[in-house]
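The structure is given below, and queries will be raised subsequently.
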Amino acid sequence: MKIRKYAERIPQYTARAVLPLVKLPKPPVLSGVRMIRRFPEVIAMTDVRRLLIVCDKAAAEQPFLAQLKEDLADQDIASVVYTQEADEPELHDVYSAVDRYLSELCDGVLGVGGASAMHCAKLTAARVTNIKPVPKMAGIGRVFHRLPPLFAVPMTFGSGCESSTGAEVLDDETGSRITVIDPKLCPMAVCLDPELTSALSAEQTAAMGMEALSFAIEAYTGLFDTDDVRTEALDASRMVFENLKKNVADLEDWHTRLNLQKASVKAGEAFSRGMAGYTYAIANVLSEAYELPKASLKAAILPAVLANSADACAGKLAELAYNAGLGSEWDEDEELAEALIDRIHRMNADLGLPTTFAEIRPGEVRELAAQVVSEMNSAYPVPKLMDQTEVADLISGLIDLNA
């Protein structure tokens with residue numbers, strides 16, 4: 001078992017050695033209330049003249065979209081809208097959006113909406129300039145040609161996809177998830193306007209904030225903790241701790257909402273460099289199996305994953321705790337790590353987020369755990385590898401025994 005684990009670590013330690021030499025993009029961010037009205041000026045600086053707006057159904061129904069098209073026209077930018085058919089990004093949506101882009105002679109892509117629209121916009125732009133099918137781009141660094149100008153206007157936060165170098169899509173024929181990671185997928189510019197997130201409920205806001213926290217913490221505690229990762233992750237986690245409960249209590253506090261959006265961007269940048277961990281993998285598997293919201297799953301899973309790996313990364317958890325205002329620099333690492341995990345537990349409880357899920361079926365736990373291990377152990381630079389039994393125990397802890 002130990003020999004297999006060490007063998008799985010070899011590519012990760014190799015990548016860790018060269019990561020400081022790799023420059024990954026950070027998109028410029030236009031942020032503030034009603035900054036969506038100024039964003040067309042930013043887009044115009046790239047000489048785009050016909051823009052494909054890729055949005056989800058929720059975004060397509062918003063009044064601001066018509067105003068956005070007018071503001072683009074004022075900058076001599078024509079625009080056409082493609083509305084994603086599926087709630088989650090599916091491969092046929094990407095290809096349909098590409099057809100629309102080509103038929104309308106577009107020269108740029110703007111993603112507007114939630115994470116689903118961001119993923120669809122990224123892969124649409126990638127497919128436009130890369131002849132091979134999207135499944136052939138799966139993996140790391142397999143988008144060979146530069147994308148057309150790509151922009152993002154998120155109406156949610158937490159996933160960090162508006163600033164990350166990754167995108168996911170469901171292959172609707174095989175049912176498998178396709179993950180594409182490449183620096184070229186990072187948008188050229190992002191607009192954060194907190195008013196555009198006004199449709200989010202208190203529970204959605206809470207879950208998305210915890211999702212951003214999970215990305216920041218797992219990037220920080222992983223093996224790919226370069227200086228950039230550490231800086232972005234510390235900033236993101238502190239901003240979530242300082243702003244999330246305030247914003248859930250007052251959903252129209254645009255100052256704290258904007259801080260959460262900024263935390264999401266920073267978490268996305270940390271994730272692009274540091275990658276994610278078991279929280280991300282387990283949430284993906286359970287979400288696909290039971291159609292559960294990923295953000296809520298990540299919130300519930302995060303403290304259990306950290307508790308399992310605390311002995312391997314107590315020092316880093318202590319740094320995150322101190323950065324969040326917990327304890328003092330004189331406290332033992334183990335005490336600070338425990339304080340951080342306890343703080344996350346209490347935040348979930350205070351925010352009213354679920355910690356168990358009735359949908360998870362006990363008889364399927366071992367198969368689900370096997371899927372997680374298959375995805376994780378050779379790919380993500382987690383501080384401590386878990387075997388199938390450990391993952392199964394963690395998933396079992398999420399089962400609602402009263403259901």
Side-chain angles (χ1 to χ4, degrees), residues 29-36 39 56 58-59 62 64 112-118 152-164 190-220 232-271 279 283 293-303 320-321 323-326 340-355:
V29 177
L30 180 67
S31 62
V33 175
R34 289 184 287 280
M35 281 297 105
I36 186 64
F39 198 48
D56 50 32
Q62 296 299 314
F64 83 86
V112 178
S116 177
M118 298 296 117
V153 177
M155 293 175 60
T156 61
F157 62 94
S159 70
C161 58
E162 65 273 12
S163 60
S164 74
V190 177
C191 179
L192 302 179
D193 187 332
E195 286 189 335
L196 301 185
T197 68
S198 61
L200 297 178
S201 67
E203 183 175 349
Q204 288 173 320
T205 299
M208 289 175 183
M210 296 304 290
E211 181 179 32
L213 183 66
S214 74
F215 278 122
I217 290 179
E218 290 203 311
Y220 191 87
E232 302 296 348
L234 285 173
D235 286 347
S237 60
R238 183 179 62 253
M239 293 170 79
V240 172
F241 282 126
E242 291 177 350
N243 293 277
L244 184 55
K245 290 178 69 174
K246 294 177 183 177
N247 192 246
V248 170
D250 181 2
L251 296 177
E252 293 187 357
D253 180 348
W254 301 133
H255 174 70
T256 55
R257 177 62 60 88
L258 183 58
N259 284 338
L260 291 172
Q261 288 181 289
K262 291 178 179 178
S264 178
V265 169
K266 289 179 177 292
E269 292 172 352
F271 166 70
T279 301
K294 290 182 182 179
S296 296
L297 285 166
K298 289 170 187 171
I301 295 164
L302 178 61
L320 287 160
N323 180 66
L326 302 175
L340 179 70
I341 296 169
D342 181 64
R343 173 73 177 276
I344 296 170
H345 271 299
R346 286 188 288 109
M347 282 184 69
N348 281 338
D350 293 344
L351 294 169
L353 290 171
T355 56

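Note that the structure is predicted; figures quoted are calculated from it, not measured. Just the heavy atoms: all of them, side chains too, but no hydrogens, waters or symmetry mates, feed the values below.
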Side chain to side chain, Leu340 and Phe241, heavy atoms closer than 4.5 Å: yes
Inter-residue atom distance Asp235.CG - Asn323.CG, 0.5 Å rounding: 7.5 Å
Side chains of Glu242 and Asn259 in contact at under 4.5 Å (non-hydrogen atoms): no
Heavy-atom side-chain proximity of Ile217 to Ile344 below 4.5 angstrom: yes
Heavy-atom closest pair, residues Leu251 and Ser201: CD1-C, 4.1 Å
Note, Glu211 side chain near Ser159 side chain (heavy atom, < 4.5 Å): yes
Test item: side-chain donor near acceptor, Arg257 and Thr205, under 3.5 Å: yes
Stepwise side chain to side chain contact (heavy atoms under 4.5 Å, CB included) test for Trp254 and Ser198: CA-CA 9 Å; Trp254 301 133; Ser198 61; 3.8 Å; yes
Separation of Ser237 OG from Met239 CE (nearest 0.5 Å): 10.5 Å
Considering all heavy atoms, the nearest Glu218-Leu302 contact: CG-CD1, 4.4 Å
Val112/Phe64 under side chain to side chain contact (heavy atoms under 4.5 Å, CB included): CA gap, chis, key distance, verdict: CA-CA 11 Å; Val112 178; Phe64 83 86; 3.7 Å; yes
Shortest non-hydrogen contact from Ala267 toward Ala216: CB-N, 4.3 Å
Closest approach of Ala212 to Val240 (non-hydrogen atoms, all atoms of both residues): CB-CG2, 4.3 Å
Point-to-point distance, once rounded to the nearest 0.5 Å, from NZ of Lys246 to NE2 of His255: 7.5 Å
N/O donor-acceptor pair under 3.5 Å between Ser296 side chain and Pro293 backbone: no
Check against side chain to side chain contact (heavy atoms under 4.5 Å, CB included), Lys262 and Ser31: CA-CA 8 Å; Lys262 291 178 179 178; Ser31 62; 3.6 Å; yes
Side-chain donor/acceptor pairs under 3.5 Å, residues 345-355, sequence neighbours excluded:
| residue | atom | partner | partner atom | Å |
| --- | --- | --- | --- | --- |
| Arg346 | NE | Asp342 | OD2 | 3.0 |
| Asn348 | ND2 | Ala299 | O | 2.7 |
| Asp350 | OD2 | Lys245 | NZ | 3.1 |

Pairs flagged by salt bridge (charged side-chain N to carboxylate O under 4.0 Å, His left out) wherever residues 193-210 is involved - sequence neighbours left out: Arg34-Glu195
Leu192 vs Phe157 side-chain heavy atoms within contact, under 4.5 Å: no
Side chain proximity check, Asn243 to Asn247, heavy atoms < 4.5 angstrom: no
Within-4.5 Å side-chain heavy-atom neighbours: Leu244 and Met210: yes
Atom pair OG1/CG of Thr197 and Leu200 - distance to nearest 0.5 Å: 5.0 Å
Contact summary for Thr156 and Gly114, nearest pair of heavy atoms: OG1-CA, 3.4 Å
Considering all heavy atoms, the nearest Met155-Ala59 contact: SD-CB, 3.5 Å
